[in-house]
Amino acid sequence: MELDQYNDPSVIGDCSAPVRVNRKSKPDPTIVDVNGLRFGSAKVVTIAGPCSVENHEQLMETAKAVKAAGGVILRGGAFKPRSSPYNFQGLGEEGLKLLREARNEIGLPIVTEVMDTRLVELVAGYADIIQIGSRNMQNYPLLKEVGMLRKPVLLKRGMMASIEEFLLAAEYILNQGNDQIILCERGIRTFETSTRNTLDLSAVPMLKHLSHLPVIVDPSHGTGHRWMVPAMAKAAIAAGADGLIIEVHYKPEEALCDGQQSLSPDEFTRLMSDLKKVAQAIGRDIY
Ligand code: PEP
Ligand code: MN
C-alpha cells in the first residue's frame, strides 16, 4: 500500500475500516504481547477480576481465586466511570498501588482503566494493559495520549458506537504509532431492556474480518446478569474471540460495583474448564 493512502482516513475496498486498522493494509494478524501472553494467537486469553478495586483483602482474595481457576490477567478498576456521581468512584491511586501489590504477589499482569489524559502517565506506570472504557471510546485526546505510549491498550466499544466508529477510534491510537490494541466488544444499547446491554457477538467475526487487531469479549457488561455470563463467554470463544474479560469477585453479593454480573470463584472455576473444551472444539486452546 502506498504511503499517501495512510493519510487518507476514508474507507478502502468494500470494508468500512480505516486504513491502518484495515486487514487489507496488514494481512497478518497483529499479536498483542503482554508478558508472553499473545492476544491474537491460537490461544485464548482470559482476563478476570473485580469491577473495581475495593480493599486489600477483596483484591488479593479475588486475584488468588482468578489465578487458581486458570485466569492469566487480573482486571480491576481504580478510576471508575460511574453513571451516578454519588456511587463509589474507585480508590484512585490507592487502587493502583493495590493492583501493583497483587501483580507482584500473585504474579498476574494487570489491566486497569484510565479516564483522564492527565492521568495516563500515572496509570501507565502501574498497568500492563491500559483500558479505555466504553464511555471514553470517542475521547479523542485520550486516544491520542495512549497512542503515544508503547504499552498495550484495551479499547472497549462505545455503547452506541458502530463498528466503523469503533475502528476509527482504534485508528486514532494506531496513528500515534501504538499498534498494541485489543478491541473489546462489551455490548451495545438497543431497545432491549432484559439485559444490561445487547452483546453483539456478530461484532467478533466482523471486526476480525475488517481488521488485523485481536478481539476480546466482555460477557459481564454485555449481559449484566451473572447467570448469563457462562453461556455468552462460551459463545464468544465459539465465535472466534481471542480472549475474554470477565468480572469475578470473591464475594459478589458484597461488591461495591457490578456484583449482580460478577461470578463467584466457584462459578469462574467451572467456566474455565468449559471454555477449554469450547476452545479445543474449534482448534484453539486457552492459556
Ligand atoms: C469496566 O470494564 O470496568 C467498565 C466500566 O466497562 P465499560 O467501559 O465497558 O462499561
Ligand atoms: Mn463493571
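Atoms within a ligand are numbered from 1 in the order they appear, just like the ligands themselves. In what follows, every heavy atom counts, from backbone to side chain, and hydrogens, waters and symmetry copies are set aside.
At the shortest separation from atom 8 (O) of ligand 1 among protein heavy atoms lies Ser134 N, 2.8 Å. In terms of protein heavy atoms, atom 6 (O) of ligand 1 is closest to Lys156 NZ, 3.0 Å.
Rounded to the nearest 0.5 angstrom, Met272 CE and Leu244 CG are separated by 8.5 Å.
With sequence neighbours left out, Asp33 forms a salt bridge (charged side-chain N to carboxylate O under 4.0 Å, His left out) with no residue at all.
For Glu247, the N, O or S atom closest to the Mn ion (ligand 2) goes by the atom name OE2. As for Asp258, its N/O/S atom nearest the Mn ion (ligand 2) is the one called OD2. The Mn ion (ligand 2) lies closest to atom NE2 when only the N/O/S atoms of His221 are considered.
Side chain of Gln58 to main chain of Ser52: a donor-acceptor pair is present (N/O by atom type, distance under 3.5 Å, no hydrogens or angles). Looking only at distances, a side-chain donor or acceptor of His212 sits under 3.5 Å from a matching main-chain atom of Arg20. Using a distance-only test at 3.5 Å, with no hydrogens or angles considered, no donor-acceptor pair links the side chain of Arg157 to the main chain of Ser162.
Remark: distances from the non-hydrogen atoms of Gln131 to ligand 1 include one below 4.0 Å.
With a 4.5 Å cut-off on side-chain heavy atoms, Glu145 and Met148 count as touching.
Relative to atom 5 (C) of ligand 1, the option among Gly133, Gly76, Pro81, Gly90 with the closest non-hydrogen atom is Pro81.
Atoms of ligand 1 lying under 4.0 Å from at least one heavy atom of Arg186, given by number and element, are 7 (P), 9 (O), 10 (O).
Arg189 CZ: 12 or fewer foreign heavy atoms inside a 6.0 Å radius.
Within the 4.0 Å heavy-atom criterion, neither part of Met159 lies near ligand 1.
Not a single N or O atom of Glu247, backbone or side chain, sits closer than 3.5 Å to an N or O atom of ligand 1.
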